[in-house]
Amino acid sequence: MRWSQWYIPTLKEAPGDAEVISHKLLLRAGMIRKLTAGIYTWLPLGLRTLRKTAAIVREEMDRAGAQEILMPSVQPADLWRESGRWKKYGKELLRFRDRHDRDYCLGPTHEEVVTDLLRGEVRSYRQLPLNVYQIQTKFRDEIRPRFGLMRGREFLMKDAYSFDKDDAGADESYRKMFAAYKRIFSRMGLKFRPVEADSGSIGGNFSHEFMVLAEAGEDTIAFCNHCEWASNVERAAVRADTPAAPAECPAAETVSTPGQHTIEEVCAFLRTSAEKLIKTLLFSADGKPVAVLLRGDRELNEIKLKNLLDADDIVFASPEQVQAWTGAAVGFAGPVGLKDHCPEIRLVADLELKNSSDMIAGANKDDAHLAHVCLARDLAAEPEWADLRLITAEDACPRCGGSIGLARGIEVGHVFKLGTKYSEAMNAVFLDEQGQEKVMIMGCYGIGVSRVVASCIEQCHDDNGICFPPALSPFQVMLINLDPKKEESAAKADELCAVLEQNGLDVLLDDREERPGVKFKDADLLGFPCQLIIGGKGLARGIVEAKNRKTGERTELPLEGFAEAFLTWQKSVLDSWA
Ligand code: ATP
Ligand code: MG
């Protein structure tokens, strides 16, 4: 391929609205262009990487026994009503009507469609297990599309769905997909980690996310330094090491804290530290009052709360609600006597507080707090105890008790064991060996193919541009001809191109009439793993220069016996990625 005949519009500067490095570099390298918020066009170079990414996914899905299909992106609302998600899914689901006034949506995921497909066809246990997948454009009307391909509204996903006759089979299907995912991300050359995850709006029993490790990741993962345990912090259980019984504690008494609303203010005013405080957070969950108690220095894990309350809509209480429920302004809510003000309030407390003693909490009175609070003694009725806080780097591994670390990650894949959530709601049944009707057990398995491209760049770049891992690079080799106008150079460049292509390599020949500096900069920006430089002086000496984009190492390759010399050198480039 000749650059002069390709559409590769590189840019010196990234447009101002590009925040993360992958977005900047994808634009600068001429791989994508924005159409509108969260919606992008793939240009020739970008499309090559997207296709290579998809090809690896496809090969490994096929190898694992999944079969490729292609489902429609427009889906009828009736299927979503059947599963109950037409109401539940919220605004991410883009809904519209056709000319007959029938409701539709653009598919954000395909559990309904695939279940509808198979419930009509699969009748017998003999037809199971079955795993079908597609690589298809999804639409989610994300509240904040951002970071380019990382959180688009339209994006490419591989989604696979398994159907089994029993739990053991479903576990086996899950295990196969898990193993396939490990192969996929390893082949791509990415540093990744599977972690325990929350199931989100897809639902189901348990799940793992595959995280590409990168600073720009929106997710935080916690991992154990000693055992295999790793989890999205959204889900990470906190080991509750509470003292056996509350220590001696003087009777609770009201202290005046005029104008001290926040934890920091109260700590400074009463000269104490946040771990001696009880933080009382008030929420309206589907309209009902809920008070959540946490130690003052802890952060609420909203996912844990959402799972506990099983409510669709959880929002902070308004100042008016706070006043009505506690009898005080914002900042003075506390558990003791709260039910006297608001009998219907649901009181949930983090396990860590279970045997706490001599704490400070809001007094449900303006400008006042209660000192010497002991929950076990001072509450009329026990609160609901639950693990509600975010894990911290100081916590111990919930599995082995070892020390843990935190890292940032980008979720590129997600495997779910769904169980019978959809098959039951949509009546996907079959006849088992005894002729009994049974519900199919499902799993679903997604990979954000376009997000993988962005994650790869987040993980593999330097100050000069992208450093593509060989498996995902648009081309393996950038062949830079410094003198495209000179006949001898041009002929040599064509010859080397042909030799490389005969050896199964894809090559982009930079034959543009540009200054060498421009070409070197662009070659680094585009980041193919191998660079070859043809110049007059080298040709006179019978060599071309070779540069490993990742390490920056340079070497000379002889024109005599070029193919062999190149392949040996290329092996060293591949090794630098191993
Ligand atoms: P997130 O928590 O990032 O919103 P999700 O849990 O909603 O992701 P899934 O429903 O599991 O995602 O979708 C499968 C995969 O699709 C994800 O692992 C991710 O790689 C990708 N994906 C999800 N949302 C987007 C998006 N808005 N843009 C690009 N890729 C996405
Ligand atoms: Mg999402």
Side-chain angles (χ1 to χ4, degrees), residues 20 22-23 26 32 34 36-40 42 46 50 53-54 57 61 73 85 88-94 106-112 114 133-161 174 177-178 180-181 184-185 188 190 192-204 206-214 216-221 231-235 302-303 306-307 408-418 421-422 443-459:
V20 294
S22 60
H23 191 195
L26 281 159
I32 60 165
K34 176 166 153 181
T36 182
I39 303 182
Y40 293 85
W42 291 86
L50 187 70
T53 309
V57 172
M61 283 295 113
S73 55
R85 284 206 292 185
K88 265 208 146 168
Y89 211 94
K91 289 193 172 165
E92 259 183 44
L93 191 63
L94 184 65
L106 276 186
T109 174
H110 277 66
E111 284 79 13
E112 282 81 359
V114 78
Y133 78 97
Q134 62 175 348
I135 297 179
Q136 193 235 22
T137 300
K138 297 282 186 271
F139 193 94
R140 294 183 181 180
D141 204 354
E142 298 275 355
I143 184 166
R144 280 208 295 163
R146 57 188 177 150
F147 305 156
L149 300 179
M150 293 248 259
R151 186 165 294 285
R153 293 198 294 162
E154 192 178 291
F155 58 96
L156 194 64
M157 196 204 285
K158 183 285 297 177
D159 42 330
Y161 304 89
Y174 187 90
M177 286 293 108
F178 191 92
Y181 275 39
I184 287 169
F185 298 116
M188 288 174 179
L190 300 174
F192 69 96
R193 187 131 198 185
V195 304
E196 292 175 8
D198 186 71
S199 304
S201 66
I202 306 273
F206 66 92
S207 78
H208 285 88
E209 286 165 347
F210 282 73
M211 294 285 185
V212 162
L213 304 176
E218 290 183 283
D219 287 282
T220 306
I221 65 181
S231 173
N232 193 319
V233 293
E234 281 184 349
R235 140 140 200 152
E302 288 167 22
I303 304 278
K306 193 166 177 3
N307 288 341
R408 303 293 287 177
I410 304 168
E411 178 198 330
V412 287
H414 204 163
V415 292
F416 294 89
K417 191 173 164 209
L418 285 173
K421 172 170 167 168
Y422 295 92
C444 75
Y445 317 93
I447 290 182
V449 179
S450 45
R451 189 184 276 181
V452 168
V453 175
S455 317
C456 154
I457 295 172
E458 287 297 334
Q459 195 174 77

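Note that ligands are numbered from 1 as they come in the structure, with each ligand's atoms numbered from 1 the same way. What you see is a predicted model; the values in this text were computed from it and never measured.
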When you look for heavy atoms under 4.0 Å from ligand 1, do you find them on the side chain of Met150, its backbone, both, or neither? backbone
Numbered atoms and elements of ligand 1 in range of Arg140, under 4.0 angstrom, heavy atoms: 5 (P), 7 (O), 9 (P), 10 (O), 12 (O), 13 (O), 23 (C), 24 (N)
Using a 4.0 Å cut-off to any heavy atom of Val412, which atoms of ligand 1 qualify? 18 (O), 20 (O)
Is the distance between the ring centroids of Phe178 and Phe210 under 6.0 Å? yes
Distance check, rounded to the nearest 0.5 Å: Glu111 atom CD versus Cys444 atom SG? 4.5 Å
Indicate yes or no: does an N/O atom of Phe416 lie under 3.5 Å from an N/O atom of ligand 1? no
Measuring from the heavy atoms of Ser450, does anything fall under 4.0 Å of ligand 1? no
Please work out which of Glu218, Glu411, Arg151 has its closest non-hydrogen atom nearest to atom 3 (O) of ligand 1. Arg151
Find the distance between CD (Glu142) and NZ (Lys91) and round it off to the nearest 0.5 Å. 14.5 Å
Qualifying residue for side chain to side chain contact (heavy atoms under 4.5 Å, CB included) with Ile447, from Val415, Ile184, Asp159: Ile184
Under 4.0 Å from ligand 1, counting heavy atoms only, is it the side chain of Leu149, its backbone, both or neither? backbone
Taking distance alone, with no angle check, do Gly152 and ligand 1 share an N/O pair under 3.5 Å? yes
Has ligand 1 got any nitrogen or oxygen that is less than 3.5 angstrom from a nitrogen or oxygen of Ile447? no
For Ala454 and Ser22, which heavy atoms make the closest approach, and how far apart are they? O-CB, 3.3 Å
Going by the atom numbers of ligand 1, which of them fall below 4.0 Å from some non-hydrogen atom of Glu142? 24 (N), 26 (C), 27 (N)
Distance, nearest 0.5 Å, that separates CG of Asn232 from NE2 of His414: 8.5 Å
Within-4.5 Å side-chain heavy-atom neighbours: His110 and Lys138: yes
